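Report on the following structure.
This is a predicted model, so every value here is computed, not measured.
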Amino acid sequence: MAPVPKRKSQRAPPIDQLIKPAIGIIVALMGYHIMKGVSVSIPRIDTGDELALREVFFGEGPYSKDYAVLCHSDADPDLPISSVFLDSFSEGSAPVDYVLLDCDYVLPSSGKSIAKRFKLDTSVFPTIFVSGKSMTPKQIPQKHLKTGTMLTKVLRKMLLPSALKIDSTRTLKQKCLDKDYCAVLLKGSGTVEARVKNAVTNLVTDYPGVQIASVDSTSNYLANLEEVLLDLSEYEEDRHRLVMFKKVSGSAVTPEDIGDEDEDEETPNKAPPQDSGRLITSVAVYESGQSFSTNNLADFIQNVQSGKIKAKKLSTLPSLKTRTKKVNAKIIAKRQKLAARKKQERESKQKGSAGGGAFGSTDSTNDSKADRKAERDRRRREHHAKNNVKPKTPEEIKAQEAARRKRMEEEAAKWNMMPEDLDDLAGDGVEESESFFEDFEDEDSEEIVDMDESATDDDEDILDLD
C-alpha cells in the first residue's frame with residue numbers, strides 16, 4: 001500500500017500585505033461619506049439672524065416647523081457631517097427639517113453659548129437635538145445615535161402624535177388626570193390588534209384636546225377605580241376596556257412644580273396654574289359590548305364632552321399599582337361585596353316604598369339626613385301656618401337673647417355660697433375663714449395621730465402574744 005503523502009500546510013500571508021488593503025477600504029469609506037455630505041444640501045442656520053434662531057429654538061415664525069439640529073462648528077466648515085445624521089436625512093421619513101448650527105456661538109442676550117444655554121452635552125458625538133413648534137431644544141440620547149434608522153425612529157416617536165403610555169402614578173396624575181379630558185385604553189393583552197391600534201391612532205389625530213393614553217392591564221391596574229366602579233367590567237385576558245376622565249376642578253401642578261427656569265429673553269414665560277386646589281376628577285365608562293371601532297370611540301368621546309354621557313365624580317384619585325393573582329382576587333371580592341350591599345339597599349328601598357307609616361312613609365325612606373331635615377322643615381311650616389306664628393325680627397331675637405342671658409345670671413346667683421354682705425366684711429371674713437380652716441386642719445391632724453398610735457399599740461400586742 002502506497003504511503004499517503006503529507007499535506008503541506010499553507011502559511012498565512014505576511015501582515016504587511018494585509019495593511020494596504022485595509023487602509024484602502026477605510027479611505028474609500030471615508031471618502032464615500034465625505035462625498036455624500038458634500039452632495040447633499042443641508043442648510044446651515046446663520047447665528048447672526050435672531051429671527052432664524054427663535055424659529056429653530058421655539059418655532060416662533062411664519063414656518064412653525066420642527067427641526068433636527070446637528071451641532072457643527074462654523075470655524076471648521078470642512079469637518080465631515082455625521083453619517084448617522086446624513087442617513088436619517090436621506091431616509092426622509094421623520095417629520096423634521098434637518099439643519100446645521102454652531103452650538104459654540106455665544107448668545108448676546110444671555111452671554112452663554114447655545115450649548116450651555118440649553119444644557120447640551122457636547123461630549124456626546126454627534127450632538128443632535130430636536131426643537132421647534134413642538135418643544136424647546138431637547139438633546140437626543142447617545143443610545144439612539146448608533147444608526148440613521150435609530151435616529152429616524154426616535155424622531156418619529158418624539159414628534160408624531162401617539163398614545164401616552166402610563167407606567168406610573170405620577171404619569172397618570174400629571175399627564176392624564178390633570179388634563180381636561182383623558183381617555184385611557186385598559187389593554188387586556190400585551191399586544192393590541194391592528195384595528196384597535198388604528199382606531200386609537202385616529203383618535204389622537206382627530207381629538208387633539210383629549211389626551212389618549214393606555215395602560216397594560218395584564219401587569220397593572222387602576223386602584224381606587226376598578227374595585228369601586230361596578231360599571232367597569234372585571235379584568236379578563238384578551239379583552240380591552242376604555243374609560244374617560246373629565247376634570248372637575250383643581251390641579252396636579254403647584255407653583256413649586258414649575259421648576260427653576262432661566263429667565264432669559266429666549267425662554268417663554270411659564271404661567272402659573274389658573275385652577276389651584278386639590279385635583280378632583282370624574283369618570284365615564286365605555287360599554288363593554290361595543291366594538292373598538294373609530295366611529296364608536298369617536299361617538300363616546302363626543303358624548304362625554306357634550307354631557308350626554310354623565311361622568312361620575314370620584315372621591316379619591318386613581319393610582320397605578322401592580323396586578324397579581326392575589327390582588328386580582330381581592331379586587332373581585334371587593335366588587336362582589338359592594339354589589340351585594342347595593343342590592344340590599346335597593347331591596348330595602350323597594351320594601352319601604354311598598355309599605356306605609358303614620359306619615360305616609362317608613363323609616364327606610366327617611367334614612368338619609370336630607371330626607372329627615374326636609375320632613376322636619378315641612379312639619380315646622382305646617383305648625384307655624386296652623387298657629388299663625390310670625391317669624392321674629394332681628395331686634396326681637398336680640399332682645400330674647402338678652403333676656404335669656406339675664407335669667408341665666410339670676411339662676412347662677414342663687415347657687416352662690418358666699419355671704420351677701422361680702423363687700424362690707426371683706427377683711428374680717430377672710431381672716432375668720434382662714435383661722436377656721438387652720439383650726440379644722442389642727443383638729444384633723446390630732447385625730448389622725450391618735451389613730452396611728454392606737455394602731456401601733458395593737459400591733460405590739462399581737463407580737464407579744466406570739
Side-chain angles (χ1 to χ4, degrees), residues 33-162 259 261-262 264-270:
H33 287 294
I34 292 173
M35 295 303 297
K36 187 176 180 181
V38 173
S39 60
V40 297
S41 57
I42 299 179
R44 178 180 292 273
I45 301 300
D46 183 9
T47 53
D49 190 349
E50 184 179 356
L51 295 179
L53 290 177
R54 296 190 68 86
E55 167 66 25
V56 172
F57 294 150
F58 311 114
E60 297 178 0
Y63 303 107
S64 185
K65 298 180 181 180
D66 290 314
Y67 297 90
V69 185
L70 171 66
C71 290
H72 194 270
S73 178
D74 291 340
D76 190 4
D78 297 333
L79 185 69
I81 301 175
S82 169
S83 60
V84 175
F85 195 75
L86 289 175
D87 293 342
S88 179
F89 172 77
S90 301
E91 189 175 351
S93 60
V96 293
D97 284 3
Y98 294 80
V99 295
L100 305 177
L101 179 65
D102 186 5
C103 296
D104 295 330
Y105 174 74
V106 178
L107 298 171
S109 57
S110 62
K112 299 180 181 179
S113 64
I114 295 176
K116 291 184 178 180
R117 169 64 184 81
F118 296 106
K119 301 178 182 179
L120 303 176
D121 185 6
T122 54
S123 63
V124 176
F125 182 81
T127 306
I128 302 174
F129 64 88
V130 183
S131 61
K133 66 176 182 179
S134 300
M135 64 185 71
T136 55
K138 184 176 182 181
Q139 187 172 359
I140 304 296
Q142 192 174 15
K143 63 181 181 180
H144 300 296
L145 300 175
K146 296 179 180 180
T147 62
T149 304
M150 296 179 65
L151 176 58
T152 302
K153 183 177 180 181
V154 72
L155 290 175
R156 290 176 59 86
K157 186 177 181 180
M158 292 174 64
L159 298 175
L160 289 179
S162 60
E261 297 290 338
D262 295 334
D264 296 332
E265 295 180 359
E266 295 86 355
T267 304
N269 295 327
K270 286 188 178 181

**OP:** Starting from the C-alpha separation in whole Å, work towards a yes-or-no answer on side-chain contact (heavy atoms from CB on, under 4.5 Å) for Met158 and Lys138.
**Re:** CA-CA 10 Å; Met158 292 174 64; Lys138 184 176 182 181; 4.0 Å; yes
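- The shortest side-chain heavy-atom distance between Leu155 and Ile140 falls under the 4.5 Å cut-off.
- Side-chain contact between Leu151 and Leu145 is present, with at least one heavy-atom pair separated by less than 4.5 Å.
- In this structure the side chain of Ile45 reaches within 4.5 angstrom of the side chain of Leu53, judged on heavy atoms.
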Ignoring hydrogens and angles, write down the donor-acceptor pairs under 3.5 Å from the side chains of residues 128-135, residues two or more places apart or on other chains.
residue : atom : partner : partner atom : Å
Ser131  : OG   : Val56   : O            : 2.6
Ser134  : OG   : Asp66   : OD1          : 3.2
Ser134  : OG   : Asp66   : OD2          : 2.9

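- Evaluation of the side chain to side chain contact (heavy atoms under 4.5 Å, CB included) rule for Ser123 yields Asp121 as partners, not counting sequence neighbours.
- Using a 30° and 60° split on the angle between ring planes, Tyr98 and Phe89 fall in the perpendicular class, above 60°.
- In this structure, Leu101 and Leu70 have side chains that are not in contact, with every pair of non-hydrogen atoms separated by 4.5 Å or more.
- By the side chain to side chain contact (heavy atoms under 4.5 Å, CB included) test, Ser73 pairs with Ala75, Asp102, sequence neighbours left out.
- A search for side chain to side chain donor-acceptor pair (under 3.5 Å) contacts involving Thr152 returns Ser88, Glu91, not counting sequence neighbours.
- Looking at residues two or more places apart in sequence or on another chain, you find a side chain to side chain donor-acceptor pair (under 3.5 Å) between Glu55 and Tyr67.
- Residue pairs that meet the salt bridge (charged side-chain N to carboxylate O under 4.0 Å, His left out) test with at least one member in residues 147-157, sequence neighbours left out, do not exist here.
- Inter-residue side-chain proximity for Phe57 and Ile114 is flagged as met; some heavy-atom pair is nearer than 4.5 Å.
- Taking NE2 of His144 as the reference point, atom CE of Met150 lies at 7.0 Å (rounded to 0.5 Å).
- Side-chain atoms of Gln139 and Val124, non-hydrogen and from C-beta on, do get closer than 4.5 Å to each other.
- To the nearest 0.5 angstrom, Thr47 atom OG1 is 11.0 Å from Asp104 atom CG.
- What you find for Val99 and Phe85 is that their closest heavy atoms are O-CZ, 3.7 Å.
- Counting only residues at least two apart or on different chains, the disulfide bond (SG atoms under 2.5 Å apart) pairs with a member in residues 78-111 are Cys71-Cys103.
- For Asp49, the side chain to side chain contact (heavy atoms under 4.5 Å, CB included) partners are Asp46, Leu51, Ala52, not counting sequence neighbours.
- By the side chain to side chain donor-acceptor pair (under 3.5 Å) test, Arg44 pairs with His72, Asp74, sequence neighbours left out.
- Side-chain atoms of Ser113 and Leu107, non-hydrogen and from C-beta on, never get closer than 4.5 Å to each other.
- Using a 4.5 Å heavy-atom cutoff, the side chains of Phe58 and Thr136 are in contact.
- Applying the side chain to side chain contact (heavy atoms under 4.5 Å, CB included) test to Pro161 and every residue at least two apart in sequence or in another chain returns Val204, Thr205.
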